[in-house]
Amino acid sequence: MSVLDAPVTSAAPAPVTNLTPVFVRLKLTLLRNGLRQSSGRKAAFIASLVVSLLLAAGQVLALVLLRGNEHAGTVVVLLTGVVALGWAVLPLFFPSGDDTLDPTRLVMLPLRPEPLIRALLVSSMVGIGPLFTLCLVVGSVLALAHGAAGVVFAVLAVPLTMLLCVALSRAVATANVRLLNSRKGRDLAVLSGLVIAVGIQFVNFGAQRLGQAGGLSALDPAASVVRWLPGASAVASVDAASDGSYAVAVAQLLITVGALVALMWMWQRSLVKLMTAPDGSTLTAAEPARKEKESGRRGLSALLPEGRTGTVMQRSLRYVARDPKTKAAWVTALAVGAIVPLLNAVQGTGSVYFACFAAGMLGMQMYNQFGQDTSAFWMVALTISSPRDAYVELRARALVLLLLTLPFTLLVCGVTAAMIGDWRSLPGALGLSFALLGSMLATGAVASALFPYSIPQEGAFKNVVPGQGGLAWISILGGMLAAALLSAPVIVPTIWMHVTDHHDALWLMVPGGLVYATLIGWAGLRIAAGRTANRLPEILAAVSKG
C-alpha cells in the first residue's frame, strides 16, 4: 500500500499547559535575574524586604492591640480603603517598578485572554507589595473578628480583598499601558514626587486637625462611607458579622465580589483591545512640527530678547515645559513653596515670613544648571569660548528662573499676608525673599560650575547617577548654607526693626532687598562665568555620565 493510500488520521491535539505556574516561575525568574545584575540592586532589595517586613509586623501588632477598641472598625476600614487606593494609583506613578505590568510584551504569544488574566492575577501576588498588603489585611481582620460568624467572614475577606487589590492594579495598568509608555506617561511617573510631597503636607494638616477634633471619633463619618466601597467592604463585613448584622455583612461581602467580577471583565476587555487593536501613537508628527516651524516667533518667544540670551531662555523654558524631570522639579517647588506657608496660615500658626519658603524652593532650581542638559551639554560647550559667553549663558538661565519666580513670590507673600492679616510684616518678607533669591542665584551658578553632576533620564526618583551623590550634596546643601550667610545683610536689619519696634521702616527692605539681590546675583554670575569657561571639559565629563 502506498503512502497515498494510507488512511488519513487527524493530528493529536497539543497538550494544554496551565499558564498559572508558568507565569509564577517567570515572575520568580525575573526577580532572581534582576538581583543577579549587581550587588547594589541585591542589597536594595534585601533592605526593602527587611524594612517592609518590619513595618508590616509593626502594623499587625498595632492592629491586634486595637482589638476590642470602640474605634477599631473605623481605623481598619479607612486603612484598608487607603491600601486599595494605593494599589489603584501606584501603577500610574511607578510603571517601571514591575516589568510584568506591561502585557504588550506578550502580544506575539498565542495566549487566550481568560487563562492569561488568571495567570497574571496569581503571579501578581508574588512580591514585596503583595506580602505587605497581606500582612495588613490579616492584621485588620484579626482586629475585628469576634465569634464564629466573624471568623468565617474573615476567612473570606482576606483572599477577596487581596484579589480585588491586585485586579484593580492590573486593570488600571492595562487600561493605561500605552499612556504609561509614552512621554506623557513618563511625565506622570516623574510627577509622582509632587503627589508625595503635597500628600505629606495634607496628611500633616489632617493629623493636626484630627488632634484638635478630639480623637478618632472625628473619622466615624468618613468610615461610614468607606465601608461600603469595594476596597474596604470585605473587611467591613467582618466587623458587621461580629456585631451580629449578618445581612449587612453579606451585602458588603457581595459588593467586593461584584467589584472583583467587574474588574476582571474590564481587565479582559482592555487586554483584548490592547493586544489586537493597532497603536496610533506612531502616527507622524511632521505636520504639527512643520506648522510650528512656520509660525516663527510667536507668543512668549516674541517677547524674549534677540541673540544668544533669547535663544538660551527659550531653550530653558522648553526644558521646563517638556523635560519630565525638569518639569517635575519646577512643579514640586511651586506646589510645596505655596503649600507650606498657606497651610500654616490656615492653621493660624504661620507667619508672613514663611512665604520666604517659596523663594527658597524655587531658588534651588538654579543649582546644577548644566546637569539638566545631560550629554547634550556638549552642544552648549561648543558655543562657550570665553568667560563672556559663559556669563551670557548663565545670565539667560537666571533670567528664566526670575521670570517664573518673581511673580510667584509676590503672589505667595501677598496671599499669606492677607490670610494672616499681618500687612506690616509684608515688606520685610518681600525684602528677605528677594535677598534669598539673589543669594541662591549666585551660589547656584557657582555650584553649577564647581560641582556639576549628571541627572539620569531613567527612573522617576533617580536624580543623581551612582558615584556622584557626594557632589550633589555638596552642591545643594553647601550652596544653600552659603546663600543663607549671604542673605545676612538683609536678615539682620529686618530682625532689628522687629525687635526695636520700627515696623514703619520695614518698607525700606523692599528696595534694599532688590538692590542687594541684584548686586549679589550679578557678582555670583561673574564668578561662575570664569569658573565655567575654565572648567568646560570637567563639566562636560561630569554631566555626561548619565
Side-chain angles (χ1 to χ4, degrees), residues 20 23-24 27-28 30-31 45-67 72-101 117-145 153-174 192 195-196 199 203 223 226-227 229-239 252-253 255-257 259-260 263-264 267:
T20 302
F23 271 69
V24 172
K27 184 69 174 288
L28 293 173
L30 289 173
L31 179 61
F45 176 81
I46 294 174
S48 302
L49 179 61
V50 171
V51 171
S52 299
L53 289 177
L54 290 176
L55 290 175
Q59 291 282 358
V60 171
L61 179 61
L63 291 170
V64 172
L65 293 176
L66 198 63
R67 182 180 175 87
T74 297
V75 174
V76 165
V77 166
L78 292 178
L79 177 63
T80 311
V82 170
V83 170
L85 179 63
W87 275 90
V89 301
L90 284 181
L92 298 176
F93 295 125
F94 301 98
S96 59
D98 184 358
D99 292 335
T100 63
L101 284 175
I117 62 172
R118 287 196 300 268
L120 290 173
L121 185 66
V122 176
S123 63
S124 298
M125 298 289 182
V126 179
I128 297 177
L131 179 60
F132 183 79
T133 304
L134 178 62
C135 293
L136 290 184
V137 175
V138 171
S140 298
V141 298
L142 288 177
L144 298 179
F153 276 85
V155 171
L156 296 174
V158 171
L160 281 176
T161 303
M162 288 297 301
L163 289 173
L164 180 75
C165 290
V166 174
L168 182 60
S169 174
R170 282 291 186 174
V172 170
T174 303
S192 59
V195 176
I196 295 173
V203 167
V226 175
R227 66 177 61 248
L229 299 179
S233 60
V235 173
S237 70
V238 180
D239 191 24
Q252 291 173 335
L253 199 66
I255 288 176
T256 301
V257 174
L260 179 59
L263 281 173
M264 296 292 287
W267 182 14

Could you check whether any side-chain heavy atom of [X] comes within less than 4.5 Å of a side-chain heavy atom of [Y], counting everything from C-beta outward?
| X | Y | result |
| --- | --- | --- |
| Val166 | Leu121 | yes |
| Val76 | Asp239 | no |
| Leu55 | Phe132 | yes |
| Leu28 | Val126 | yes |
| Leu120 | Trp267 | yes |
| Leu63 | Val138 | no |

Go through the steps for Val235 and Val158 under the test side chain to side chain contact (heavy atoms under 4.5 Å, CB included), then give the verdict. CA-CA 8 Å; Val235 173; Val158 171; over 6 Å; no
What pair of heavy atoms forms the shortest contact from [X] to [Y], and how long is it?
| X | Y | value |
| --- | --- | --- |
| Leu168 | Ala88 | CD2-CB, 3.5 Å |
| Ala236 | Val77 | CB-CG2, 4.0 Å |
| Ser237 | Leu253 | OG-CD1, 3.7 Å |
| Ala157 | Ala234 | CB-O, 3.4 Å |
| Val137 | Met162 | CG2-SD, 4.4 Å |
| Cys135 | Ala56 | CB-CB, 3.7 Å |

Gap separating the [atom1] atom of [X] from the [atom2] atom of [Y], nearest 0.5 angstrom:
| X | Y | atom1 | atom2 | answer |
| --- | --- | --- | --- | --- |
| Leu66 | Thr74 | CG | OG1 | 9.5 Å |
| Leu263 | Ile117 | CG | CD1 | 11.0 Å |
| Leu229 | Thr256 | CG | OG1 | 10.0 Å |
| Thr161 | Trp87 | OG1 | CH2 | 12.5 Å |

Given 3.5 Å as the limit, does a donor-acceptor pair link the side chain of [X] with the main chain of [Y], or not?
| X | Y | answer |
| --- | --- | --- |
| Arg67 | Leu142 | yes |
| Ser169 | Cys165 | no |
| Ser233 | Gln252 | yes |

Results of side chain to side chain donor-acceptor pair (under 3.5 Å) for Ser140 - residues two or more places apart only: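 Listed in chain order: nothing, the list is empty.
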Would you check, one step at a time, whether the test side chain to side chain contact (heavy atoms under 4.5 Å, CB included) holds for Leu53 with Leu131? CA-CA 8 Å; Leu53 289 177; Leu131 179 60; 3.5 Å; yes
Output, in order, the C-alpha distance, side-chain angles, deciding distance and verdict of side chain to side chain contact (heavy atoms under 4.5 Å, CB included) for Met125 and Leu163. CA-CA 9 Å; Met125 298 289 182; Leu163 289 173; 3.4 Å; yes
Any donor-acceptor N or O pair under 3.5 Å, side chains Ser124, Arg170: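 Result is yes, a qualifying pair exists.
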Output, in order, the C-alpha distance, side-chain angles, deciding distance and verdict of side chain to side chain contact (heavy atoms under 4.5 Å, CB included) for Thr80 and Leu136. CA-CA 8 Å; Thr80 311; Leu136 290 184; over 6 Å; no
Any pair counted as side-chain hydrogen bond (donor to acceptor under 3.5 Å, both in side chains), so long as it reaches residues 50-61, sequence neighbours left out: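 Sorted result for residues 50-61: empty, none.
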